[in-house]
There are 4 protein chains.
Amino acid sequence: HIDLRSDTVTQPTEAMREAMYRAEVGDDVYSEDPTINRLQELAAHITGKEAALFVPSGTMGNTIALLTHAGRGQAVIVGDQSHIYRYEAGGASTLGGSPMYVVPTHPDGMLDIDAVTHGIADESDEHIAATALVCIENSHNRCGGTVLGVEQIESITTLAHDRGVAVHMDGARVFNAATALKVPVSTLASSVDSMMFCLSKGLSAPVGSLLVGEAAFIRRARRMRKVLGGGMRQAGVLAAAGIVALEQMVDRLAEDHENCERLAYGLADIPHVQIQPDQVVTNILLFSLEHGEQQPFSNSEIDLFLSKAREHGVLLGRMGEKHIRAVTHAGIEAEHIERALTGIRKVLQEMRPA
Amino acid sequence: HIDLRSDTVTQPTEAMREAMYRAEVGDDVYSEDPTINRLQELAAHITGKEAALFVPSGTMGNTIALLTHAGRGQAVIVGDQSHIYRYEAGGASTLGGSPMYVVPTHPDGMLDIDAVTHGIADESDEHIAATALVCIENSHNRCGGTVLGVEQIESITTLAHDRGVAVHMDGARVFNAATALKVPVSTLASSVDSMMFCLSKGLSAPVGSLLVGEAAFIRRARRMRKVLGGGMRQAGVLAAAGIVALEQMVDRLAEDHENCERLAYGLADIPHVQIQPDQVVTNILLFSLEHGEQQPFSNSEIDLFLSKAREHGVLLGRMGEKHIRAVTHAGIEAEHIERALTGIRKVLQEMRPA
Amino acid sequence: HIDLRSDTVTQPTEAMREAMYRAEVGDDVYSEDPTINRLQELAAHITGKEAALFVPSGTMGNTIALLTHAGRGQAVIVGDQSHIYRYEAGGASTLGGSPMYVVPTHPDGMLDIDAVTHGIADESDEHIAATALVCIENSHNRCGGTVLGVEQIESITTLAHDRGVAVHMDGARVFNAATALKVPVSTLASSVDSMMFCLSKGLSAPVGSLLVGEAAFIRRARRMRKVLGGGMRQAGVLAAAGIVALEQMVDRLAEDHENCERLAYGLADIPHVQIQPDQVVTNILLFSLEHGEQQPFSNSEIDLFLSKAREHGVLLGRMGEKHIRAVTHAGIEAEHIERALTGIRKVLQEMRPA
Amino acid sequence: HIDLRSDTVTQPTEAMREAMYRAEVGDDVYSEDPTINRLQELAAHITGKEAALFVPSGTMGNTIALLTHAGRGQAVIVGDQSHIYRYEAGGASTLGGSPMYVVPTHPDGMLDIDAVTHGIADESDEHIAATALVCIENSHNRCGGTVLGVEQIESITTLAHDRGVAVHMDGARVFNAATALKVPVSTLASSVDSMMFCLSKGLSAPVGSLLVGEAAFIRRARRMRKVLGGGMRQAGVLAAAGIVALEQMVDRLAEDHENCERLAYGLADIPHVQIQPDQVVTNILLFSLEHGEQQPFSNSEIDLFLSKAREHGVLLGRMGEKHIRAVTHAGIEAEHIERALTGIRKVLQEMRPA
Ligand SMILES: [Ca+2]
Ligand SMILES: [Ca+2]
Ligand SMILES: [Ca+2]
Ligand SMILES: [Ca+2]
Ligand SMILES: [Ca+2]
Ligand SMILES: [Ca+2]
């Protein structure tokens with residue numbers, strides 16, 4: 001199988017397995033796991049923040065951030081296409097009573113600035129939950145791996161900070177964004193109050209994410225992690241793999257981007273595939289299928305396409321109502337891209353769209 | 001003052017005051033207040049539902065409905081312009097951990113059906129909160145008092161019920177909607193699972209709203225009312241006024257609508273006022289101000305306009321970033337409309353827009 | 001019927017009905033109801049606090065207080081016999097994610113000081129929710145209307161304040177406590193951070209309670225009231241009755257206490273009744289029934305007793321597993337006490353306990 | 001150091017490290033991690049339940065269980081000495097609006113049956129949150145590792161099930177309980193609706209716990225795990241160690257119990273130590289210190305004792321206000337017990353208690 005469903009399917013590398021095998025560990029609930037401590041220091045250093053916290057998932061990292069920034073009844077502004085709003089099962093609203101105020105997301109992953117401006121509320125009107133936080137996502141999953149540059153980020157953080165509101169960046173794939181933008185991650189993180197990033201996606205570690213921010217914020221986040229059940233014991237075995245991920249797996253993300261671009265241009269040559277390959281900038285691409293001009297595949301036709309692609313050894317995912325998503329990652333090489341294109345071409349020939 | 005800020009400013013009538021004075025009361029926490037019981041029976045009868053519950057406010061009625069339909073972590077679909085989403089301070093998300101999924105509202109107050117269709121989630125994907133409820137609003141406050149007809153309502157309820165999802169109607173002003181549509185309220189309520197309506201707006205009672213639905217739903221709602229602190233003791237004094245509201249104040253709503261239409265057409269004749277008077281169907285209108293084509297008044301100019309109007313004895317409110325709202329109600333007669341128009345005309349002359 | 005179930009059954013007086021009839025009202029959501037404003041000022045004045053907020057029920061007043069003092073995840077210390085813990089359906093924990101830490105209540109209604117001392121937690125241990133608030137109750141319902149004197153209150157407030165923790169007093173019947181102690185209510189309230197008291201119990205107003213505290217606290221409480229749905233419109237009709245309650249009904253509470261004491265001593269003379277009449281200090285008494293020494297009535301025997309008493313025109317309530325509660329209030333005169341005693345005596349003769 | 005603070009400090013064994021190194025892994029969010037699946041099947045088999053779910057911590061396992069059994073506003077009955085109530089930072093109340101009703105715990109870790117009986121509430125009284133769940137703990141940490149036998153467990157489950165209430169067992173150390181009772185874990189789990197047990201304590205795995213129950217319950221629990229952020233990716237690396245824990249580390253728990261008993265009897269011989277060694281049945285013991293009869297060490301004296309013990313190479317923990325806790329585990333051999341006793345004896349000689 002050529003598994004393009006997600007970069008979460010990445011397998012730990014041999015170096016990670018050895019690091020787990022040898023990991024020096026302690027009880028992290030007592031803050032005594034030296035490998036966790038080392039990973040947290042490394043994460044803070046790389047992102048340019050004071051402190052970091054290891055958490056078992058990106059969802060938990062985001063939820064901790066929201067609940068630490070926003071008290072009960074304080075609103076969080078999220079983009080309508082954001083992972084936090086759409087794929088974290090209610091998260092901060094379900095667990096912590098922080099309502100979400102939803103603003104449009106532009107196709108490049110950027111929040112609509114006007115909507116954010118008007119959406120930020122203070123405590124003057126008792127009908128309206130006061131805003132505590134704005135969330136951005138970089139790279140942006142549902143927009144097809146698009147990236148926010150420093151100026152875009154700062155246009156949000158300046159606006160928010162002027163109004164006394166914090167900004168959290170869901171940087172599950174921020175190393176992909178930094179790679180695409182050719183800037184250090186710390187540059188992208190510099191103006192946000194907190195950021196979460198994942199070790200288990202493009203960076204190929206088996207488990208874990210980091211939440212970074214000011215030391216006082218991370219202290220409070222650590223208490224929230226405990227409530228959520230994210231306090232683990234000898235988690236240094238995971239952290240050991242995470243350190244390898246940060247030290248050895250960042251540079252190779254550019255390859256994933258090249259492969260994704262290769263796949264995008266290849267798809268653009270296949271009849272019935274709709275894609276804008278010049279907008280593919282990281283390791284995620286979205287495409288759609290149509291019979292002819294403005295005649296999109298039906299829901300069941302998309303499902304059929306996906307199951308036939310699976311039969312041809314190509315695993316793809318759906319994104320929203322009409323898009324198919326492909327994600328490149330470690331283990332997907334140029335040759336796999338060619339085979340995937342061949343498979344997809346065959347499937348569409350078999351389906352003989354009108 | 002001619003107070004057009006809201007129909008919530010209505011004063012109790014003499015008949016209501018007398019009814020309150022004479023009200024037979026008991027302890028409603030023991031369900032022993034005969035006047036409350038009579039009001040609840042009357043409300044159920046008028047709306048064609050099995051049972052009703054008296055609550056101290058429309059916000060509480062809506063919040064009880066959401067929390068009774070949707071458990072913790074179950075999503076509620078709301079319109080982006082709805083009162084429940086925008087003016088109830090987070091409500092069900094803040095208090096009960098029911099996240100909101102937000103869909104576009106059309107200018108007539110109708111939810112986007114496609115967005116509702118795609119927004120309803122079942123329990124198959126653990127990333128996404130399963131949907132328990134869809135909320136509609138009729139008449140629609142923020143859309144300018146627009147109404148949903150029976151077919152519109154049923155297009156939502158059919159869709160929702162087919163997917164096992166309930167529908168709640170925020171009918172704070174449903175008597176206005178029914179008046180405009182020339183149908184009984186029970187017709188508008190027939191396909192929804194629950195509805196809240198207010199006694200204290202156009203119907204002029206001092207305090208109170210009713211939540212209606214099936215008997216089993218209302219029994220659970222009653223428990224939720226207690227948690228929220230809405231269980232009152234000898235509230236029959238309020239119910240007595242509410243009964244007068246339902247018996248004496250419904251028929252006169254048509255006058256409010258006529259006055260609102262009169263105001264709308266009058267405003268349409270005033271330079272710099274932007275309004276579509278043919279879309280004014282109940283007792284609420286929205287207008288905006290502009291210097292010339294596409295040159296809207298700034299935020300501070302709108303504020304200045306409102307404070308000058310107040311000096312001229314006309315109280316108006318803001319709605320969203322650019323609209324001014326006027327609401328007609330008992331106590332506002334045709335002559336007040338003329339005086340209000342005169343006042344507004346003068347203010348705009350004084351302001352000498354470019 | 002002689003209704004001794006609760007002082008909540010009190011009916012509004014003629015003066016209250018007239019006040020409601022004449023009440024000058026406005027929209028309290030705009031803070032424009034002059035009668036509400038007058039009641040709030042009066043309540044603040046009487047209790048010696050900066051500000052007051054009118055709420056539809058004692059439960060809402062307490063819940064607002066807890067949620068305003070304690071954020072999500074911050075603990076509230078409550079007595080195991082307290083109304084807040086036992087009779088408010090989960091309140092702050094259900095709605096606001098503030099867990100309760102439960103300490104023993106002494107028979108006089110006082111919290112166990114050692115348990116409070118050890119129960120207060122700061123943020124040092126991430127396993128334990130930090131304490132934001134301690135709640136006391138005065139007079140104490142489930143302990144049989146017992147009262148806390150100033151020194152008892154201050155022993156709690158001093159302890160709490162030294163640890164940076166606030167104290168809320170559930171003073172649903174604080175006017176009874178003040179009457180029994182022959183001190184002003186303001187004396188009892190002076191060291192607590194907030195207090196709720198009810199107009200609808202001994203003071204006989206139909207609906208409503210007040211939450212009092214510092215101005216900044218009440219501003220935040222007002223926002224919480226809106227979320228809970230306690231923001232009412234022309235609630236001045238209720239406030240008018242409340243003003244009468246505070247001006248005319250406080251002095252007569254001593255009569256209720258005399259009647260309660262009369263009932264207690266009368267009960268003590270009836271065979272099979274267990275009561276300590278010298279501990280009855282306000283308008284609530286508890287008694288139990290036994291066949292002989294240490295042979296308490298069974299659960300179904302108590303139910304039978306209550307239903308037979310009802311047949312004899314005496315309404316009583318249960319409190320906990322073994323106690324029966326009687327509450328005196330306006331409308332219960334000495335003669336009713338005598339008739340109630342006669343009725344109870346007859347019931348016990350009919351039941352012929354072993 | 002001889003670390004007797006907790007069995008959470010256990011280190012992964014060589015066999016676990018090798019298993020992690022070799023683990024076959026997949027993306028568990030897609031349920032495609034074969035090692036996770038194998039661990040979950042093994043856990044279900046050993047405990048005699050239909051299904052199991054791997055979670056990152058015992059706290060998360062318990063919290064998922066509570067939130068899955070108890071909806072918002074439904075009460076959970078917990079013991080006043082239970083880990084769930086005291087050491088999980090509010091858990092289900094903070095995150096899910098499920099209030100806790102607290103009952104006394106007997107010294108053997110058993111809940112007070114009368115208090116549970118009276119504490120279970122149905123939906124008849126709107127003042128009282130209806131009960132959804134009763135929690136028990138086995139072995140019982142704060143009671144000193146005491147165990148509940150099958151009859152004790154069934155006395156609770158029979159009572160609860162008769163009232164339509166579920167029972168969850170916090171079996172963080174249930175393998176210790178089963179070892180002490182010489183019964184299979186499945187026997188202890190047979191009548192409870194759900195159970196959580198930890199791999200990371202006596203069983204020495206680095207990270208992870210299992211929640212077990214019926215298949216439908218576990219499906220719902222899996223959704224709750226996602227909300228809480230406990231969905232991990234290639235967590236098979238942890239599960240591999242967990243399988244070793246279940247296959248190789250259960251039998252040796254008896255050694256920990258012998259060492260704990262040895263430590264208990266040794267402590268009993270040391271002047272100023274108060275302990276009941278015959279009540280030590282698993283791997284946890286509690287003792288206190290006193291100058292003489294009824295003259296307990298002060299708070300600061302206990303702290304001094306602990307820090308001096310640390311200087312002598314013996315790490316101990318506090319439990320509650322007056323107890324010191326010692327826990328034996330893999331890596332603590334008979335010789336360490338002797339050295340610990342020598343160290344403690346020296347410390348007490350140095351402190352020269354009165
Ligand atoms: Ca991975
Ligand atoms: Ca009104
Ligand atoms: Ca018209
Ligand atoms: Ca009353
Ligand atoms: Ca361990
Ligand atoms: Ca033994």
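In the text below, chain A, chain B and the rest are named by the order of the sequence lines, each starting its count at 1.
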Do the side chain of Ser200(C) and the main chain of Arg233(B) share a donor and acceptor less than 3.5 angstrom apart? no
What I want to find out is whether Glu18(C) reaches Arg17(B) closely enough, with some N-O distance under 4.0 Å, to be called a salt bridge. no
Sort by residue number and list every residue of residues 234-244 of chain B having at least one heavy atom under 4.5 Å from chain C. Gln234(B), Ala235(B), Val237(B), Leu238(B)
Heavy-atom pair count under 4.5 Å with chain B, highest-scoring of Val55(C), Leu228(C), Thr59(C): Leu228(C)
Comparing Gly230(C), Gly229(C), Gly26(C) against chain B, the one with the most heavy-atom pairs below 4.5 Å turns out to be Gly229(C)
Heavy-atom pair count under 4.5 Å with chain C, highest-scoring of Gln11(B), Lys201(B), Arg22(B), Met20(B): Gln11(B)
Please report the interatomic distance CG(Leu67(B)) to CG(Leu95(C)), rounded to the nearest 0.5 Å. 7.5 Å
In terms of heavy-atom pairs under 4.5 Å, which option from Cys198(B), Pro12(B), Pro56(B), Gly96(B) contacts chain C the most? Pro56(B)
Heavy atoms only, distances under 4.5 angstrom: which of Asp3(C), Thr63(C), Asn62(C), Thr10(C) has the most pairs with chain B? Name it, please. Thr10(C)
Which of Glu32(B), Arg72(B), Lys226(B) touches chain C most, by non-hydrogen pairs under 4.5 Å: Glu32(B)
Do Met232(B) and Met60(C) touch side chain to side chain, with heavy atoms closer than 4.5 Å? no
Does atom CD (Glu24(B)) have a neighbourhood of more than 12 heavy atoms from anything else shown, all under 6.0 Å? no
